[in-house]
Each structure stands twice: as C-alpha cells, then as structure tokens.
Enquirer: 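Submitted below is the structure of interest, expressed as structure tokens.
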Protein chains: 2
Amino acid sequence: MQSFDLVLMFLAFGTLLGMARFLGELFRHFNQPAVLGEILAGLFLGPTLLGRVWPEAHGLLFPEAGPGAIVLQAFATLAITLYLLVAGMEVDLSTLWRQGRLAIMISLSGILLPFAAGFLAAWFFPLFLGAGHQAQSLAFPLFFATALSISSLPIIAKTLMDIDLYRTDLGMVIMAAAIGNDLVGWIIFAAILGMIGQESTHGASIGEVTVLVLGTAIFMLTLGRWLINRLLGLVQTYASWSGGVISLALTLTLFSAAWTEWIGVHALFGAFLFGIALGDSSRVRKHTRVTLEQFISFFFAPFFFAGIGLHLDFWQHFDPLLTLVVVIISIFGKVVGCGLGGKLAGLPWNQAWAIGFGMNARGAMEIILALLAFEAGLIGANLFMALVVMALVTTAISGPGMQFMLGHKKNRLTFTDFLSAKTFVPKMQVNDCWEAIELLSRVAALQAGLDPLEVIEAVKSREETMSTGVAKGLALPHGRLPKLKKPIIALGICSQGVDFHSVDNTPAYLIILILNGSQDSGVQLRLLADAARIIKEVENLEEVKNITEFSELLHWLRIQRNKAGVPKLGPTNPQQA
Amino acid sequence: MQSFDLVLMFLAFGTLLGMARFLGELFRHFNQPAVLGEILAGLFLGPTLLGRVWPEAHGLLFPEAGPGAIVLQAFATLAITLYLLVAGMEVDLSTLWRQGRLAIMISLSGILLPFAAGFLAAWFFPLFLGAGHQAQSLAFPLFFATALSISSLPIIAKTLMDIDLYRTDLGMVIMAAAIGNDLVGWIIFAAILGMIGQESTHGASIGEVTVLVLGTAIFMLTLGRWLINRLLGLVQTYASWSGGVISLALTLTLFSAAWTEWIGVHALFGAFLFGIALGDSSRVRKHTRVTLEQFISFFFAPFFFAGIGLHLDFWQHFDPLLTLVVVIISIFGKVVGCGLGGKLAGLPWNQAWAIGFGMNARGAMEIILALLAFEAGLIGANLFMALVVMALVTTAISGPGMQFMLGHKKNRLTFTDFLSAKTFVPKMQVNDCWEAIELLSRVAALQAGLDPLEVIEAVKSREETMSTGVAKGLALPHGRLPKLKKPIIALGICSQGVDFHSVDNTPAYLIILILNGSQDSGVQLRLLADAARIIKEVENLEEVKNITEFSELLHWLRIQRNKAGVPKLGPTNPQQA
C-alpha cells in the first residue's frame, strides 16, 4: 500500500467508526438497539446515500476492488469473529442445565414451529422469497427455516432486564431456552454452509462437514473447556497481569476461527464456540471480560455492522411485500411456537405468550446469519434486506409485547430523570445537616417556583422525625409539598462531609433532596429506593467529593447504575442493546 | 479474499500473536524488555528461521505480495498507530513544566551532543553507516542524528521505578527531560520524513511540511487539547458508559493519523500527538485508559513488533562492526550529553551520570523510528539492524548503569519470592490465632526441616509481646530461628476469619507467617513491610476467601502488587517494560 492508500484507509476507518458509533448512540438514546444505528451508518456511507450524492468520495473511501477493498473485507471478517468471541462469552451453559425440562420444551417447540413454517414457505415459494444463485433445492429451505428459528441472547436479556423479569424464574427459563435455541440453530446453519460450500477449503462432503462441525462443538464444550481452564491457570501464574489472559484468549480465538473456516463453515463459529468455553471459566476475571468486551464492542463491532450497508443499495433491494411476508411468518412461527411450548410445560397462557414475544427478538445474530448466507450466494439481496428488517422489527416489538402480555408496566422510576444542572450544588459549604437541607431546599424551591420557607419547613419536619442519612456517605432528605405537580430533585456534594446521623456514622458526601407532590406516595418511595441503589456497589461515596461539573456527575451516576444493574450472569454488552 | 485466504489470515495472525506474546512473556520473566521477545518472534517466523527451515509455510502465512501481504501491512500500520496513541497518553506535559529549568537543560544537552555526534559521523561516513537508496546528502545525517537523540519514556519510567527513584526529584527531572527530548526528536524526525517524502500525498515542499508538522503539534497541544476535553464532556454526558469515550478516542486517532499521513509524515505522528492531548484530559478515567492500553498493548502492539522481523534476514543483514560503532556513538553521545547537562544544572557528578544512563534507554521508540526510516528508503537493512540492536543494548544497560552510578542497589526483597505451593494452606479451619500460628508453624517447620515445637514456641512468644494482626484482614505472625539459613514463609487463608486482635477489629483472612534466621534483622523487617503492602490498595481482604489454588493466589498477589506499585503519573504499559 502506498501512502495515499493509507490515508484513505485511515479516513475510511475513522468515518465508518465515527458515523456508526454516533448513530448507534443516537438510537440508544431513544431506547432503540444501537446496532440499528450502526447499520444505518453503513447505508448512509454506501450506495444508498453517499454513493448517490457524492459517488467520487464513496468510490475512494470504500472501493469495490483493490487494496482498500481487501483491507476493509479482511477487517470486517476479523471484527465479526472477535465479536462472536464476546457473544460466546455471554452464553452461560449452566443456566441451560439448571432450568432443565421447561427450557428444553420451550426451546424445542420454539425451534420446531418456526423451522417448519420457514421450511414449508421456502420449499414451495423459493423464487418469491428470493433464493440466491447458489441455492440448491434443500439448502435454501433449510437456511430460511434456520433463519426464522434463531433468537438473540443479548437482546432477550436486555429486554428481560428492562421489564424487571431478568432475575425471576420466568426470566431464567427464557434465557435458558434462548441459549439452547441458539446453539442448535447455529450448528444447523454451520452444516448448511458446509453443504453449499464449494469454497470449503479441503473439499469435504456434506456428511464430513456436519460431523466436523458437531465434533468441534462437542470438543469445545467438553475437553476444550477443561483445557482452556487449565491453560488460563498457567498463564495467570506465569504471565503478566490480565494481559496474559487477553493475549491467550485472542490467540486461541484466531486459531479456532482458522479451524472452522478451514473445515468449510465460517470463521465466526470457531470464535463463538471458543467464547462459550472461555466464558465458562471462572478464571477469567471481570476486568478481563470488560476489557475484551468494551474494546471489541466499541471498536470492532461497529466496523462490521456499518460494513454491511456499505455495498448494499437500499432503494434497489428493499421489497416491501417480501419483507412483510418474512416479518409475518417469522413472528407467527416464533411467538406461537414458544407460546405453545410454554403452555405445554405448564405455564399460564399470558406467561407463555410473553415468552413467545421474548424469544421473538432476533437482533444482531439474525443479521450476521443473513449476511453469511448472502455472501455465500444462498439468498439474494432482497431477501437479505427483508431479513435485516425482520430482525429489527422483531427486536423492537419484543419488550412491548412481553409487557402487554404480562400487564407488567415498566415501573422503574429513575431519580436521574429528575436531575438538572440548575439544581446541582457542588462544593457545598455547610456545617450541619440543617444547613445542607436549607441550601438544597432553597435551590429546589427556586426551580419549582415554590415558597422556599415552605419547602424548608416540609423537609426539616421530615428530618426531625427520623434522620435520612442512609449509609456510606449518602443522605436522602425528602418532603411532600401538596402544590408540586412532578417531583423535584436537588443534588448537593459536600467534600468535607456533613453529619446526617447515618447508621454507619459516616458523614454524608452526597445529599439528594427529593420533593414530591402529596398525591402519589408510591412515586416518592420508588425515587428514594432508586437513589439508594447508588451505594449498592460502592464502598463509600468519598469518591464523589471531587465532582464539580454536572456532566461529570451524570457520568459517575451512570457508572454506578451500570455496576449496580448488571446481573451476574447476563450480558453487559451494550452493543446489541 | 477467498475462504482459503481467510484461513491463512487467521492462522498468520494467531501464530504471530501467540509467538510474540509467548516470547515477550518469557523475556519479561527474566527481567528483559518484552518487546525484545516480540521482535525475536518475528525473526523466528521470518526468513531468518522459518523461511530457511520451512520456506513453504513461511511463503503461505507471510507472503511478500497478494491479499495476505496487503492485509498484514495494513494491520501492522494500524497497530503501530494505535500503539502510539497509548504511548502519547503516557506523556504528561505537566511534569515538563513543573521541572522547568533543570529539565530543559538536561533535555537540550541530552539532544545536542548525541545529535552532533550522530550528524558528524553520518556526514563523513554515510557509506560505512549504510545510507539507504533514498538518502540525500542532508536527510541521512539528520536522521542518524535524530535516531541517536531520542529516548524511550516508558523504559525510563520503568527503570526509575525498578531502582526506587521514580518518585524522587531526580526521577521527575529525568522524566521531564525525556518528555522534552522526545517531543523535539519526533518533530525533527517528522520534518525529515517530509523532506525525503516523494510519497507525500499532496506534494508539499520541505518547508511546507515542516510548517504543517509544527502547526499540527502546536494545535494539538493547545486548542486541540481544549477541544478534546470539551468533546469528552459531551460524550460522557450523552453517550454510553466508557464505550463512548473509547469510540471517540479511536475515531479521532484514525482521523489524526489520516491527517499526518496526508501531510507527508507518518500516520503515527498524528496518533501520538492526539494521544498526548487526550491523556492530558482528566475526563479520561482510569478504566478507559486501562481498557485502551491493555487491548492495544496485548493485541495490536505484538503484531507490529513481531511484524518487523517478518521480512528481515538477520544472517544477511547483521553487521557486527557497524553495530558496534552505532552502539558506541549512541551511548557516548547520550550519556555524556545528559551527564554534562545535569552537571551544568547543578547536580553532583554521580547523579548527573545516572541521568545520562537513564536517558540512554532507547527502547521501542528507536525501533519504530528506525523502521520508518528503513521503509522510506532512508537507511539500509544493515543500519536498521544495528539500530535495533543499539536500542536493545542501551535499554538493557540503563538500569544497571544508574544503580552503579548511584551506588544504589535494588533492595526490594519481595516476600512472594519465598512463597511455595508446599507452604500454602487454603481453607484453614482454626478457632483462634494460636491455632492458626500452630498450623502454619508446623507447615513451615516441615518445609525448613526444623523442629515444629521450636518454631511454634518462637512465633508464639513473639505474638504474646504484641499482636501481629495488621488491618483489613491481614495478619503477619513472625519469628526468628537461629538455625534458619534463608527466610521461610507459610501463607494461610481462613475464609471464616480468625481474630488476630488487629487494630481495626477485622478478623484475619490472610495469614502470612514469616520465619527468619537471627543474623539479619533487616531482612525480616523488609519482608514484613513488603507483605504489608498487599493491603495498600484493598478495602479489605475478604476477597481472598475463595482462593483455593496456589496459582490463583500468585495471580491475586500480582494484581495487588500491580495496584500498589503503579505510580500516579507513570506508564502502566507493560508492553515496553
């Protein structure tokens, strides 16, 4: 590569990453999956938009051939492979064993019905659905059936968390079913890829490929898992801190990827299986997980997802009728399949349907699967587009669907929603809790347009009945004011600490004043409980002392929420959320 | 790329990463710079070894042309660019300002003398030194002069830490001088690259390039720094936790790299300057720094360093005479230059020479500089080899040289050196401190071949004079035994805790029994002090409860040592160490 090629490479990478992450954050901000924004970034930079309005720039940055194209393709392949490592690490097999019969039931019927629906549709209407030029009579229906059968673990976990079901029995059943579901789905898909793979490096037959894929999966989840755990022990003893494990994990990911690519299925299967085995080891510390996950999710993954749209022309390939049919079949198969499975396993109807909607989310995994099939010539661009849209639609309706079925509203009131830079008081200079209450009450009153003395009076009288110093440096003074329409919160930081008579005798560094109207007692309790969650994972709040800016405060609060909110077994991967 | 190309790509990446990190860790284990092992890995996999014994494998994995070669080259360029981001983040400009006059003095004379020596040598003997085919009359001496003038910040910091000088005034002066030194050296080098750059994308003249380089540097360190800080504030407020900052940092690194590559100097300058500006912002939290640093140091950097050796034939290009001359000139210029500067600034001779040896370390930065010059055709392969060897030699002698000059022995006795799996007692079941002492004393006596009752008696009598419960769950019982030749340490973990009457009333979870001979009182004190450092950064030791294996214990201890030992302002980058 010449210098000019390098300039273009850095520009292309920077543009792709920046655009993908910007739109990803934007979508996340509106509670949509970040991956949708990232795919959109690729569409914007591809023939759909940039290629139309400024074809020269598009041709230079994202060429169809030459060194630039090779590097982009290689990097996207590397990116998706590493991403599947992280996805694999999130799979917790023990959940599957623990939930046993119920999970297997739901998992099976959640695969069988959509599989059957997909297979029949593709068998009878291959042309309408847009089989690709490589599609043989059997491979296409099998693929389409599989594409409808898989689901997306991280999205399901995120949805369950959002509606406070994650840690319930129902939540664990859904997670376990989804894990079983995905394992089976991906293995079938790997076999299909092997089936059509004239590209298969060593020219194995269908039977051979299937055996090799199954063998690899079984090896990784048994002996491989044990070996990896041993190896990690060695590395932790002799190699440098945390870096040794990172290097080992990535080296073995690359080798696993090479192996599965060589046996004729895609590199990402090796990475995914290795990720499951690695994530299972208790020797992989949280620090290492987070380092791998964050770097890969925020650097590599956006390249892949944005890369999808780079060579696709939305206008040319979007087929509304086809898309509608695909969306309907997939929702029908999955919701009914999982719902029946849940019912058969003894759940009441509303919970059974809720599981159906939960498992219906396809997310990023569907898109990856569709892309592989598209690249292998198994499906055409129109069906690829339709599957992408289907993945996004099923993901978007998953949460609302579950809530509707369970009559379960998203009821987490977050106190952060009521914070404002105008009621943030850093560097408080107060001598006791009464002065602190007075200062914060005045600030809140000003913001709410209330009489300051009235507010002070309300909060002080509450404080006199019982101290509001919680523990670890947090105090939560509060009061009710009949005139108040919506809650007002003032937040103060006192670096020398104020004595709020808390149980553990620590002075309060963070003082959150919560004012409510008198009508809704529930809101006040929920806001107080939510604010108290901050200290769930901290030793004490001395670290807030140095926060002086509102943006810093929000950032710090987000970190705490993150710490407190991430369940032990769940995905912390914000990428697919 | 076809499937087979992808298989080869994953294999090549995996082999390169695995080999580089393995040898890197091996060298680190023997207190040598990891980068030396990584370069060696490249030599092993290149024509020097693999290419000789198995040319087919070498040709397949690391081809000289075709898609595979393009991907490797592009990836190595990306790797070094990201690595320079991390290197830049470690530069702390405020150190430079604080140390003022002394640092500037040492920095200047530490540049001038090696620069003059290098310039004269290269001016009069360009052919002997091996100027490359692109070398013009002025560019070659300028480059050689610059190559002798730079030093390696991370290595210097590591050396200073190793000999306990890092936090002293002398240490800070050396660090500050090295920062000034590097900034000037790299800017000169950038100008030289621009000078010879027929590759310069937009064909600017030498003067233009120099102005652009200086302008970029000044912009980044002033307005750019401010802008980045503002942008970080925005991202922290609105984007997802930590991932937003990572994406922003990497996106801007890519753009900065594109910019400097475009103005005709290498992409890495942009990344380095951006790194300095980014590292300066207090908004970049430790978590983000560590994520970037670890992933880049343990994934990207090894690719680059190993990649250096991939296309070099050591046997063909190693020229002992040339190497000797380069090593001598470079050591002479730097040690004398910095030494004189230190003396002129008022330091005593021994400290002045110590600074000279400290600044003499060239480390990875020299190798990067030499590679750029080699690739640009400015120097031949022989001189490149000689510079690589010079970098390694100056790095290796840096620590011993300083110690010799200061009469300052590395005196940190680490208690971990005396640990053994045979004296590790997890899951202790004891009811009080006397039982704990008895158990550990017996284990230690067995290992040392002493009479158990004698050991128990010695430790108990010490315990009776004053309790050895330290705090936070650590107890350090100890005793002297005249017959003991070298210290014996037994380490026990008691998950329910034992009362060792510590000051903070916490029960002891970690009990370290230290036995010494009677002759050396200093050793005992130092071992006790070293063991006590474990709790420096922990809240309490409850987390050790679950450690049951010796390898886990060592790993955990290493983490603690790491936490306690990393200075605030220093590089934590283990890569170059």
Side-chain angles (χ1 to χ4, degrees), chain A residues 1-4 6-7 9-11 13-14 17-18 21 25 28-29 67 70-71 73-74 77-78 81 199-201 233-234 236-244 246-247 250-251 254-255 257-258 261-262 267 283 290-292 294-295 297-299 302 539 549 551-552 554-555 558-559 562 574, chain B residues 1-4 6-7 9-11 13-14 17-18 21 25 28-29 67 70-71 73-74 77-78 81 199-201 233-234 236-244 246-247 250-251 254-255 257-258 261-262 267 283 290-292 294-295 297-299 302 539 549 551-552 554-555 558-559 562 574:
Chain A
M1 292 176 98
Q2 298 297 306
S3 178
F4 188 59
L6 289 176
V7 173
M9 177 184 93
F10 281 111
L11 267 186
F13 276 43
L17 179 64
R21 291 290 300 128
E25 289 291 340
R28 216 186 54 88
H29 197 74
I70 292 172
V71 170
Q73 189 211 340
T77 309
L78 184 67
T81 304
E199 288 187 52
S200 166
T201 306
L234 276 179
Q236 286 182 335
T237 311
Y238 297 109
S240 55
W241 174 59
S242 140
I246 293 177
S247 301
L250 294 170
T251 303
L254 293 167
F255 283 130
E261 182 75 40
W262 187 72
R283 292 186 204 263
V290 172
T291 301
L292 283 174
Q294 293 227 322
F295 202 95
S297 300
F298 293 112
F299 182 70
E539 283 300 329
E549 280 181 51
S551 70
E552 266 182 282
L554 288 185
H555 181 60
R558 189 173 303 127
I559 294 176
N562 223 304
Chain B
M1 291 177 98
Q2 298 298 303
S3 178
F4 189 58
L6 290 177
V7 173
M9 176 183 94
F10 281 111
L11 268 186
F13 275 43
L17 179 63
R21 291 291 300 129
E25 289 291 340
R28 216 186 54 88
H29 197 73
I70 291 172
V71 170
Q73 189 211 339
T77 309
L78 184 67
T81 303
E199 288 187 53
S200 164
T201 306
L234 276 179
Q236 287 182 335
T237 311
Y238 297 108
S240 55
W241 174 57
S242 138
I246 293 177
S247 301
L250 294 171
T251 304
L254 292 167
F255 283 131
E261 183 75 40
W262 187 72
R283 292 187 203 262
V290 172
T291 302
L292 283 174
Q294 294 227 321
F295 202 95
S297 300
F298 292 112
F299 183 69
E539 283 300 329
E549 280 182 51
S551 70
E552 266 183 282
L554 288 185
H555 180 59
R558 188 173 304 125
I559 293 176
N562 222 305

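Throughout, protein chains are lettered first and strands after them, A, B, ... in sequence-line order, and every chain is numbered starting at 1.
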Enquirer: Among B:V71, B:L78, B:L250, B:L11, single out the residue with the greatest number of heavy-atom pairs under 4.5 Å to chain A.
Expert: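 The answer is B:L250.
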Enquirer: If you compare all heavy atoms of A:S247 against all heavy atoms of B:L17, which two are closest, and at what distance to 0.1 Å?
Expert: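 In terms of heavy atoms, the two residues are closest at O-CD2, 4.1 Å.
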Enquirer: Rounded at 0.5 Å granularity, tell me how far OG1 in A:T291 sits from CD in B:Q294.
Expert: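 That separation rounds to 5.5 Å.
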Enquirer: Looking at CZ of B:F298 and CZ of A:F295, how far apart are the two atoms once the value is rounded to the nearest 0.5 Å?
Expert: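 It is 13.5 Å, given to the nearest 0.5 Å.
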Enquirer: Atom CE in A:M9, atom CD in B:Q73: separation rounded to 0.5 Å?
Expert: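 CD of B:Q73 is found 8.5 Å from CE of A:M9.
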Enquirer: Answer whether the closest heavy-atom distance between the side chains of B:T251 and A:R21 falls below 4.5 Å.
Expert: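 The answer is no; the side chains never approach within 4.5 Å.
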Enquirer: Minimum heavy-atom separation for A:T81 to B:F10, with atom names?
Expert: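 Answer, listing the atom of A:T81 first, then B:F10: OG1-CZ, 3.3 Å.
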Enquirer: In terms of heavy-atom proximity below 4.5 Å to chain A, should B:L554 be classed as side chain, backbone, both, or neither?
Expert: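 Only the side chain of B:L554 comes within 4.5 Å of chain A.
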